[in-house]
Amino acid sequence: MPVEFLGIAATGDGSETTARTTAAFDRDYTLRLARAHEDHGWDRVLFAYGAGSPEPAAAAAYLAAHLDRLQILLAHRPNVSYPTFAAKTFATLDQISDGRLTVHFITGGNDHEQRREGDFLSKDERYERTREYIGIVKKAWTSREPFDHEGTHYRFHDFVSDVFPVQQPRPGVSFGGSSDAAYAAGGAEADVYCLWGEPLARTAEQIERVKEAARAAGRTDVPRIQVAFRPIIAPTEELAWEKAHRTVDAIKARRATGEARRRGRPLGDAPAAAPENTGSRRLIEIAEAGERYDRALWTPTAAVTGGAGNSNALVGTPETVAEALLDYYDLGVDILSARGYHLLDDAIDFGRHVIPLVRAEVARRDAAKAAAEAAERAERDRHQLIAVQA
């Protein structure tokens, strides 16, 4: 099966290890980073969402108007706009990008972050709302006739949009989470289900949970699976591990200044208290149980941020990290998300040195599988011919 690579579409140059030197939305940096991804083999980039961060749909429209190939994954929180308005926004962006949009719906795992923009629902209520919201957006994308909606969280009459997506029947829907409520909502509605990088055995368990949720929702298909990592690569294993330990030291030093928290805790910085969301608690639990797992998974980067988001690292040479990614591919993961700590340089290095290795091996496996299937068909046809002649 094909494999895709997802990078980050940051609008400024800061990270967990480096203070920002640009404006929060820097047009030149946004475009430069996106072009680095497009020029080095990445398929799409994520425009993330934060309560005080630049509005991602507008930033994505800017990128789409300047680049021709790179696809867009747009993060969106249902609490920030009415679903009919959001559906029109997404359809317009899909038109601007000529059909390159996927929407990632974020339910929200932290009450404090949600309340920054007036969302005071409980976590379970938020998941219920997200599921209702996605259903409305899908219908607005596809219905050419006016429709009404009477739901728990939304009510309207006689809505029909005058702008529709380029993609037919609609753009893709992406979703993530590790709680029972998340599996139920995403299993029912998602085209892509997003997981944070965990050990292989635990990732396999989560994939099975997603499949079970899809079956429980009456689906005959299952969502594609995406898994996210923070790669730390170097020419030798020794240099990679030295770089990994320097990275953790830099995260600790940056957090000690409190600068990230003064800016309203952008994505990538952990809350001071224990995390509320199941995904982050899982990362902390995994980190407490051990630092190294499988071929290259390393947990101190997650531990030092309190399990904040995509934070587990893959450490090693490009060959080692490529092999580790292929281990996840073998589990059924076909979208590999990666984000370094020096956003621009790491996007280029990963694109030059890791992506080609993974793509080449996937192509080799696909060719071998196709050849084996062709040989099997030929042998079956031969036996059928012999039977007829007899």
Side-chain angles (χ1 to χ4, degrees), residues 1-6 41-44 69 71 73 99-100 102 167-176 183 186-195 197-229 231 293-297 314 316-338 350-351 353-390:
M1 63 181 177
V3 63
E4 294 183 10
F5 287 91
L6 170 70
W42 299 79
D43 296 286
R44 70 183 72 230
R69 301 189 308 276
Q71 298 180 63
L73 178 60
R100 288 180 281 149
T102 300
Q167 298 177 78
Q168 294 297 316
R170 57 173 177 78
V173 166
S174 172
F175 189 90
Y183 293 133
E189 297 291 349
D191 302 301
V192 176
Y193 201 100
C194 306
L195 303 171
E198 295 187 4
L200 290 165
R202 295 189 62 142
T203 300
E205 292 170 1
Q206 285 194 291
I207 292 172
E208 187 55 38
R209 290 290 306 275
V210 173
K211 292 179 178 178
E212 290 171 359
R215 290 192 291 267
R219 293 178 60 169
T220 56
D221 64 336
V222 295
R224 298 173 65 192
I225 302 297
Q226 172 185 306
V227 178
F229 303 97
Y293 292 86
D294 305 319
R295 195 185 299 268
L297 191 72
L314 291 177
T317 64
E319 292 77 12
T320 296
V321 171
E323 289 169 359
L325 291 170
L326 287 162
D327 290 338
Y328 288 89
Y329 175 82
D330 289 338
L331 294 180
V333 177
D334 64 349
I335 303 176
L336 299 168
S337 174
F350 188 87
H353 302 299
V354 178
I355 289 178
L357 296 177
V358 176
R359 289 202 194 280
E361 176 59 18
V362 168
R364 186 196 67 78
R365 294 182 185 186
D366 286 349
K369 181 180 178 181
E373 291 174 348
E376 182 180 343
R377 287 195 301 271
E379 183 66 12
R380 186 168 56 248
D381 292 344
R382 188 180 70 82
H383 283 292
Q384 290 175 346
L385 180 60
I386 291 173
V388 169
Q389 291 175 340

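Source: prediction; values computed, not measured. Positions are given from 1 along the sequence.
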Exercise. Got a sec, which residues hit side-chain contact (heavy atoms from CB on, under 4.5 Å) with Arg365, two or more places apart in sequence or on another chain?
Worked result: Leu326, Tyr329, Asp330, Glu361

Exercise. If you measure only the distance, is there a donor-acceptor pair under 3.5 Å linking the side chains of Glu198 and Tyr293?
Worked result: no

For this session: Might you point out which heavy atoms bring Ala322 and Leu357 nearest each other, and give the distance in Å?
Result: CB-CB, 3.8 Å

Exercise. Is the side chain of Arg219 donor-acceptor paired with the backbone N or O of Gly187 at a distance under 3.5 Å, no angle test?
Worked result: yes

For this session: Begin from the C-alpha positions of Leu297 and Leu314 and carry the test side chain to side chain contact (heavy atoms under 4.5 Å, CB included) through to its verdict.
Result: CA-CA 5 Å; Leu297 191 72; Leu314 291 177; 3.9 Å; yes

For this session: State whether Glu208 and Arg215 are salt-bridged, where the test is any N-O pair (Lys NZ or Arg NE/NH1/NH2 against Asp/Glu carboxylate O) under 4.0 Å.
Result: yes

Exercise. Atom CZ of Phe5 and atom CD1 of Ile355: how far apart are they, to the nearest 0.5 Å?
Worked result: 5.0 Å

For this session: Could you grab the distance from atom CG of Asp381 to atom CD of Glu376, nearest 0.5 Å is fine?
Result: 10.5 Å

Exercise. Hey, what do you get for CD1 (Ile335) to CZ (Arg44), rounding to the nearest 0.5 Å?
Worked result: 6.0 Å

Seminar exercise, completed: In this structure, CZ of Arg359 is separated from CD of Glu4 (nearest 0.5 Å) by 8.0 Å

For this session: Indicate yes or no: at least one non-hydrogen side-chain atom of Tyr328 is less than 4.5 angstrom from one of Asp294.
Result: yes

Problem set entry | Heavy-atom closest contact (Asp366 atom, Pro2 atom, distance) | OD2-N, 4.4 Å

Seminar exercise, completed: Here the pair of heavy atoms bringing Phe175 nearest to Ala190 is CB-CB, 3.7 Å

Exercise. Taking atom OG of Ser337 and atom CG of Asp43, what is their separation to the nearest 0.5 Å?
Worked result: 11.5 Å

Exercise. Would one find more than 12 heavy atoms of other residues, nucleotides or ligands at under 6.0 Å from atom CD of Glu379?
Worked result: yes

Exercise. So do Leu195 and Ile207 actually touch side chain to side chain, heavy atoms under 4.5 Å?
Worked result: yes

Problem set entry | 4.5 Å side-chain heavy-atom contact, Trp42 and Leu6 | no

Problem set entry | Donor-acceptor contact present, side-chain Arg295 to main-chain Thr320, <3.5 Å | no

Exercise. How many angstroms lie between CD in Glu205 and CG in Leu331, if you round to the nearest 0.5 Å?
Worked result: 11.0 Å

Exercise. Knowing that exactly one of Ile225, Leu325, Asp327 qualifies, which makes a side-chain contact (heavy atoms from CB on, under 4.5 Å) with Val333?
Worked result: Ile225

Exercise. Are Arg170 and Asp191 side-chain neighbours, meaning at least one heavy-atom pair lies under 4.5 Å?
Worked result: yes

For this session: Quick one: closest heavy-atom pair of Gly186 and Pro223, and the distance?
Result: O-CG, 4.1 Å

For this session: Verify, without hydrogens or angle tests, whether Thr102 (side chain) and Leu73 (backbone) share a donor-acceptor contact under 3.5 angstrom.
Result: no

